[in-house]
Amino acid sequence: LVFCGFRFHWGRRIRSGKFLQFFRREWGLFVMLVPGTLLMVVFCYIPMAGLVVAFKDYNVADGIFGSEWVGLENFLEMFEPQYHFWRTLRNTVVIALLKFVVGYPASIILALLFSMLVYRSLKKIVQTASYLPYFISWVMIAGIAYNFLTANNGVINNVLELCGKEPINWYNDASHWWAILTITSVWKGMGWGTIVFLAAISAINEELYEAASMDGASPMRQVFCVTIPGMMPVIGFTFVLNMGNLIKDDADQIMALVGSGNYALDEKVSVFGTSIYNALQSGPGQFSSATALGFFQGVISLILVFSSNLIVRRRGYQALW
């Protein structure tokens with residue numbers, strides 16, 4: 001697809017010499033592309049050769065390309081009852097959807113609130129404070145969450161007791177963990193997600209606000225008539241990128257907050273990432289199954305990105321291609 005797009009978009013320009021003129025004029029930009037391109041090729045494209053393991057009965061002695069072909073057997077094995085595929089798919093989609101529905105609008109709303117702050121010094125302090133959680137590792141957040149959720153003298157349970165309610169054993173009760181994973185994820189990434197939206201707001205022409213003010217629009221009305229329409233190209237672009245994550249998961253978040261041996265919570269927190277990790281922990285005999293599961297996850301993500309890009313493009317907003 002990339003090759004076809006390059007061929008149709010740049011083929012005529014290359015033949016007419018316009019691309020060479022552009023390259024000579026902006027050669028520094030192409031030089032800056034080299035490190036990122038090499039990084040992508042080495043760590044993203046070359047390892048994709050290992051996807052062949054999903055179609056083989058992998059064993060260490062024969063290696064990746066010497067193992068026996070089994071076709072789609074590893075993919076069909078995913079649907080066997082002992083692997084709880086449908087439960088894993090449900091948890092992955094629901095958790096990712098909750099994070100998207102709550103976190104994506106939260107970043108937009110927070111960016112709008114930042115843009116409306118009058119005092120520049122206060123704005124810088126609040127923005128910096130909102131970025132800090134993003135740089136905290138999930139291991140540290142797990143320690144903070146443990147102080148809130150532990151059954152003995154946990155902050156939340158102490159508050160519940162003061163209100164006359166029974167304490168909750170959070171680490172043995174799976175019913176609350178979709179909400180816990182959503183809240184912690186939104187708290188960690190909401191501030192960082194505002195950066196791209198603040199950049200979009202700063203690119204809006206100030207004359208539009210002046211014209212709206214002269215027409216009698218209040219500051220809140222200007223948000224809906226000027227700011228949000230000006231953000232729509234970036235909102236559409238980031239929407240496509242986020243749609244690809246609806247079948248993905250933050251396995252590192254779940255592993256840090258819950259751990260790998262808490263079977264009491266598997267009903268709600270078992271996702272594709274943790275299933276792949278557990279399969280790899282079982283030894284080389286499960287490498288093929290883990291690769292097949294990861295391959296399935298990647299294909300669904302690709303379909304979601306293509307579908308959302310088509311929707312955004314038909315709506316007339318900025319898309320990926």
Participant: For Ser270, does its backbone N or O pair with a side-chain atom of Asn91 as donor and acceptor, under 3.5 Å?
Facilitator: yes
Participant: Which label fits Phe79 and Phe296: parallel for a plane angle under 30°, tilted from 30 to 60°, or perpendicular past 60°?
Facilitator: perpendicular
Participant: Do the non-hydrogen side-chain atoms of Leu29 and Leu33 ever get within less than 4.5 Å of each other?
Facilitator: no
Participant: Is the ring pair Tyr171/Tyr146 parallel, tilted or perpendicular, if the boundaries are 30 and 60 degrees?
Facilitator: tilted
Participant: Walk me through it: do Thr291 and Phe55 pass the test side chain to side chain contact (heavy atoms under 4.5 Å, CB included)?
Facilitator: CA-CA 9 Å; Thr291 306; Phe55 304 94; over 6 Å; no
Participant: For a 4.5 angstrom cut-off between non-hydrogen side-chain atoms, does Leu246 reach Leu97?
Facilitator: yes
Participant: Show me, pair by pair, the donor-acceptor contacts under 3.5 angstrom made by side chains of residues 148-169, not counting sequence neighbours?
Facilitator:
{"unit_1": "Asn157", "atom_1": "OD1", "unit_2": "Ile168", "atom_2": "N", "d": "2.9"}
{"unit_1": "Asn157", "atom_1": "OD1", "unit_2": "Trp170", "atom_2": "NE1", "d": "3.3"}
{"unit_1": "Asn157", "atom_1": "ND2", "unit_2": "Thr150", "atom_2": "O", "d": "3.3"}
{"unit_1": "Asn157", "atom_1": "ND2", "unit_2": "Ile168", "atom_2": "O", "d": "3.0"}
{"unit_1": "Asn158", "atom_1": "ND2", "unit_2": "Asn153", "atom_2": "O", "d": "3.4"}
{"unit_1": "Asn158", "atom_1": "ND2", "unit_2": "Gly154", "atom_2": "O", "d": "3.2"}

Participant: Please check if Val53 and Met48 belong to a single hydrophobic cluster, counting links between Ile, Leu, Val, Met, Phe, Trp and Tyr side chain heavy atoms closer than 4.5 Å.
Facilitator: yes
Participant: Does any pair with a residue in residues 173-187 pass side chain to side chain donor-acceptor pair (under 3.5 Å), and if so which ones, sequence neighbours excluded?
Facilitator: Asp173-Ser175, Asp173-His176, Thr184-Gln253
Participant: Linking I/L/V/M/F/W/Y whenever any side-chain heavy atoms sit under 4.5 Å apart, do Leu39 and Tyr45 land together?
Facilitator: no
Participant: Parallel, tilted or perpendicular for Phe295 and Phe75, by the 30°/60° rule?
Facilitator: perpendicular
Participant: Donor-acceptor check, side chain of Thr238 to backbone of Ile235, threshold 3.5 angstrom: yes or no?
Facilitator: yes
Participant: Do Tyr58 and Val52 come close enough that some side-chain heavy atom pair is under 4.5 Å?
Facilitator: no
Participant: Are Leu76 and Leu51 connected, step by step, through hydrophobic side chains (Ile, Leu, Val, Met, Phe, Trp, Tyr) whose heavy atoms are closer than 4.5 Å?
Facilitator: no
Participant: Once you measure the plane-to-plane angle for Tyr134 and Trp192, does it fall in the parallel (<30°), tilted (30-60°) or perpendicular (>60°) bin?
Facilitator: parallel
Participant: Kindly compute the distance separating CE (Met190) from CD1 (Ile183), expressed to the nearest 0.5 Å.
Facilitator: 11.5 Å
Participant: For the residue pair Ser307 and Met243, establish whether any side-chain heavy-atom pair is separated by less than 4.5 Å.
Facilitator: no
Participant: Please check if Leu302 and Ile311 belong to a single hydrophobic cluster, counting links between Ile, Leu, Val, Met, Phe, Trp and Tyr side chain heavy atoms closer than 4.5 Å.
Facilitator: no
Participant: If you take all heavy atoms of Leu117 and Lys123, which pair is closest and at what distance?
Facilitator: CD1-CA, 3.8 Å
Participant: Which distance, rounded to the nearest 0.5 Å, do you find between the CG of Leu181 and the NZ of Lys99?
Facilitator: 6.0 Å
Participant: Would you mind reporting whether Ile201 and Leu112 have side-chain heavy atoms less than 4.5 Å apart?
Facilitator: yes
Participant: Are Phe114 and Phe197, when compared by the centres of their aromatic rings, separated by less than 6.0 Å?
Facilitator: no
Participant: For Thr88 and Phe272, indicate whether the former's side chain and the latter's backbone hold a donor-acceptor pair under 3.5 Å.
Facilitator: no
Participant: With a 4.5 Å limit on heavy-atom distance, are the side chains of Val269 and Thr274 in contact?
Facilitator: no
Participant: Taking Asn74 for the side chain and Ala54 for the main chain, is one N or O donor matched with an acceptor at less than 3.5 Å?
Facilitator: yes
Participant: Phe30 and Phe23: aromatic ring centres closer than 6.0 Å?
Facilitator: yes
Participant: Between Asp62 and Lys56, is there a side-chain N and carboxylate O pair less than 4.0 Å apart?
Facilitator: no
Participant: Looking at NE2 of His84 and CG of Asp266, how far apart are the two atoms once the value is rounded to the nearest 0.5 Å?
Facilitator: 8.5 Å
Participant: Quick one: are Val312 and Phe237 in side-chain contact, heavy atoms under 4.5 Å?
Facilitator: no
Participant: Using side-chain heavy atoms (C-beta onward) and a distance below 4.5 Å, is Lys188 in contact with Trp138?
Facilitator: yes
Participant: Donor-acceptor check, side chain of Ser213 to backbone of Tyr209, threshold 3.5 angstrom: yes or no?
Facilitator: no
Participant: Quick check for you: to the nearest 0.5 Å, what is the distance between Met40 atom CE and Leu38 atom CG?
Facilitator: 11.0 Å
Participant: Where the side chain of Gln286 meets the backbone of Gln281, is there a donor-acceptor pair that is under 3.5 Å apart?
Facilitator: no
Participant: Given the rule that I, L, V, M, F, W and Y join up when any side-chain heavy atoms are under 4.5 Å apart, are Met116 and Val234 in one cluster?
Facilitator: yes
